[in-house]
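Position 1 is the first residue of the sequence, and the numbers go up from there. Since the structure is predicted, the reported quantities are computational estimates derived from the model, not experimental observations.
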Amino acid sequence: MFVTSEPFLPLEHLRIPHRVDPAGAEESASVHGVPMGFASLSVDGAMGGPRLYWPLAGSPLLAGASLGRHTLRGIPLFARAADPAALADALPAGWRVAAHEEGELAAVRHDDGSIVLPFDPGEAMECLWSERYLTMGGRLGITSAARWLYYRLRPLMPRRLQIELRRSYARVQGRRPFPAWPMETALHDLLREVYWLLTELAGGPVPWIAPWPAPYRWAVVLTHDVEQPAGQAQIGVMRDAERALGFRSSWNFPARRYVVDESVVASLREEGCEIGVHGALHDGRDLESLRTIDERLPAMREVAARWGAVGFRSPATHRRWEWMPRLGFAYDSSSPDTDPYEPQPGGCCSWWPFFNDSMVELPITMPQDHTLFTILRTDETVWLDKARALRDRSGMALVLTHPDYLGTAAAAEPYQRALTSFAADPTAWRALPREVADWWRRRAASSIERQADGWRVTGPAADEAAICLGAP
C-alpha cells in the first residue's frame, strides 16, 4: 500500500502493508524541494501523489538538536525536533505551517496534500519504550546511587520501617506529571495521529493487523512474583480463585533466594500454568552492572532450563533497556506502562507488546497489588477502571500480584472480585505471557497483501489474525 525510502517504525508496529525502496528518496525530495536528510512515504503506485516526510538522524535541520519534550496536538512526545517555522522557511513556495497551538509542534503542509513532520515518530516511540525520556532535565525518581544504597541497607531495616519510607516517598512520586498514572495514553495517541495522516495520503482507510488474534478485542494476562518461602506456601489461595473462574497464570520464582519446591512447579505446569524466572537473589542487584549480570546469569539460565521457563521478570522491576536482551529470554516483563511508585519509576507508556532487539517486552499494565493495598491503602477500583479503559482501547491488562501479600483468603478478596468482573467477557483473550510473546512474533512475521477479494493476512499469523480498518 505504501512505499518508503527508509524503515518507518509506526508501519512496522501496526503491520501496515508497505515496502522499503531507498532508491526513491532522491526523486521524492526533488518533487517538493525537501532538504537532504528527510525520509519519505507515498502511496505505492501513485506517481506524483502526496507524500509524508520526516527527518532522519543526520538531517541538517536537526543539527544541534537534543532530545526534548514537545507536544503535538496536545500529545506529549520526546524526540529531536526542528522548529516548524524554520522548517517552512527551508522549503520552497507552496508549503505552510499547519494550524497549531502556540508552543506546539506542527506539521508543514503542501498545497498538494503532502506533509513534512518536524520529528521522527519512530524515534519518539523508541524514546518512550526505552524510557530515555527519563534522562531529560533530571531523573524521575531516586538516583542509581541512592537505589544502590537503599538495597544494601534494606536487609537491616524492619519491615514496618521499609513500608513507612515507601509511603512517605510515594507522596513525592505521585506528583510527577509524566507519565500519568494510572494510565498514560501518549504513545498510543501518537500512533493514532500518524494513522490519520496515512489515511489522508491514502484517501481512505488503511489496513493493519489487530493486536490480538481473532475474535478477541483485548488481552488479560495474570502473572505472580513469588518473593519469599511464605509466598510459595500461600500460592494455593490465589490459584484457587483463578481456577474457579477458568484462568491460567504465570508464576515467577527467583533462582537462588530460597529453595523452590519442585513439586509446586510441576503441579502448576500440569495445570497449564507457566513458570518464569524472577531474577537470582531478589536483592535489587541483578542489573546493577554487566559484571553482576554475567555472574548471576548462569544460575538463572540453569533454573530456566529446568523449569521450561522462557520469560523473565526483574525483582522490583529494575530494568535497563540495552541490557535486557543480554539475558537471553524469549520475553521480558519488567517494564510497567506507567508506575511512579516503584524504586525505579517511569514506564514504557505502552499497553501492547513491543520488541527490544529480539526480545519481546510485555509491559505490566495494571498497578501492582503492593502499591494499591499497602503503599496507597486503596481498594481494587483502580484495577477495574484501568481494565475497562484498556478494553476500550484494545490493550493488554497484564496483572502482577504476589502470594506474599495476597496469600490469605481475606487479602485475596480484591483480586477475586477483579477477576470475577471480567471472567465472562468473551472479547478477552485470557492468555499466558509466553502465548502473548509467541503471538507477537507471529504477527510481526506476517503481512497484509491485497488479493482479488480484498486484503488478506499472509504469513504465520494468517489463520488467526484480524485486519483493522480504523484508527488504533
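- A salt bridge links Arg393 with Asp189: the closest approach of a Lys/Arg side-chain nitrogen to an acidic carboxylate oxygen falls below 4.0 angstrom.
- Partners of Asp337 by side-chain contact (heavy atoms from CB on, under 4.5 Å), not counting sequence neighbours, listed by chain and number: Thr365, Lys386.
- Looking at heavy atoms from C-beta onward, Glu227 lies in side-chain contact with Tyr405 at the 4.5 angstrom threshold.
- Between Tyr133 and Phe178, the distance from one ring center to the other falls under 6.0 angstrom.
- At a threshold of 4.5 Å between non-hydrogen side-chain atoms, the residues Leu419 and Val399 do not count as touching.
- In this structure, Asp357 has no salt bridge (Lys or Arg N to Asp or Glu O under 4.0 Å) partners at least two apart in sequence or on a different chain.
- Ring planes of Tyr341 and Trp181: perpendicular class, angle over 60° (limits at 30 and 60°).
- In this structure, the side chains of Met136 and Phe78 come closer than 4.5 Å at one or more pairs of heavy atoms.
- Two rings, from Trp218 and Phe422, have their centers less than 6.0 Å apart.
- Taking 4.5 Å as the limit, some side-chain heavy atom of Glu131 sits within range of a side-chain heavy atom of Ser335.
- By the 4.5 Å heavy-atom criterion applied to side chains, Phe354 and Leu187 are not counted as neighbours.
- Taking Tyr195 as the reference, nothing meets the side-chain hydrogen bond (donor to acceptor under 3.5 Å, both in side chains) condition, with sequence neighbours excluded.
- Using cut-offs of 30° and 60° for the angle between ring planes, the Trp383 and Phe373 rings count as perpendicular.
- The side-chain contact (heavy atoms from CB on, under 4.5 Å) check on Thr374 picks up Ile163, Arg167, His370, with sequence neighbours excluded.
- Considering only residues two or more places apart in sequence or on other chains, Ala466 meets the side-chain contact (heavy atoms from CB on, under 4.5 Å) condition with Ala210, Ala214.
- Side-chain contact between Ser314 and Leu287 is present, with heavy atoms from C-beta onward closer than 4.5 Å.
- Salt-bridge annotation for Glu342 and Arg319: absent, with no side-chain N of the basic residue lying under 4.0 Å from a carboxylate O of the acidic one.
- Counting all heavy atoms, side chain and backbone alike, Ile75 lies closest to Ala186 at CG2-O, 3.5 Å.
- Not counting sequence neighbours, the partners of Glu274 by the side-chain contact (heavy atoms from CB on, under 4.5 Å) test are Ser250, Val310, Tyr331, Leu432, Pro433, Arg434.
- In the model, His318 has no side-chain atom that pairs as donor or acceptor with a side-chain atom of Asp286 under 3.5 Å.
- A donor-acceptor pair is defined here as one N or O able to donate and one able to accept, closer than 3.5 Å; no such pair exists between the side chain of His188 and the backbone of Pro472.
- For the salt bridge (Lys or Arg N to Asp or Glu O under 4.0 Å) test, no residue two or more places apart in sequence or in another chain qualifies with Arg192.
- Asp89 is linked by a side-chain hydrogen bond (donor to acceptor under 3.5 Å, both in side chains) to nothing, counting only residues two or more places apart in sequence or in another chain.
- Partners of Arg377 under the salt bridge (Lys or Arg N to Asp or Glu O under 4.0 Å) rule, at least two apart in sequence or in another chain, do not exist in this structure.
- Partners of Arg109 according to the salt bridge (Lys or Arg N to Asp or Glu O under 4.0 Å) rule, which considers only residues two or more places apart in sequence or in another chain, are Glu200.
- The existence of a salt bridge linking Asp294 and Arg326 is confirmed by a sub-4.0 Å separation between a basic side-chain nitrogen and an acidic carboxylate oxygen.
- Expressed to the nearest 0.5 Å, how far OG1 of Thr71 lies from CG of Leu77 amounts to 7.5 Å.
- Checked against ring-ring contact (aromatic ring centres under 6.0 Å, His included), Phe329 has the following partners two or more places apart in sequence or in another chain: Phe312.
- Judged as a side-chain hydrogen bond (donor to acceptor under 3.5 Å, both in side chains), and not counting sequence neighbours, the contacts of Trp251 are Ser249.
- Contact of the His402 side chain with the Asn252 side chain is not registered, since no non-hydrogen atoms from C-beta on lie closer than 4.5 Å.
- Closest of all the heavy-atom pairs between Phe247 and Arg430 is CE2-CD, 2.9 Å.
- Taking each heavy atom of Ala431 and Val436 in turn, the nearest pair found is CB-CG2, 3.8 Å.
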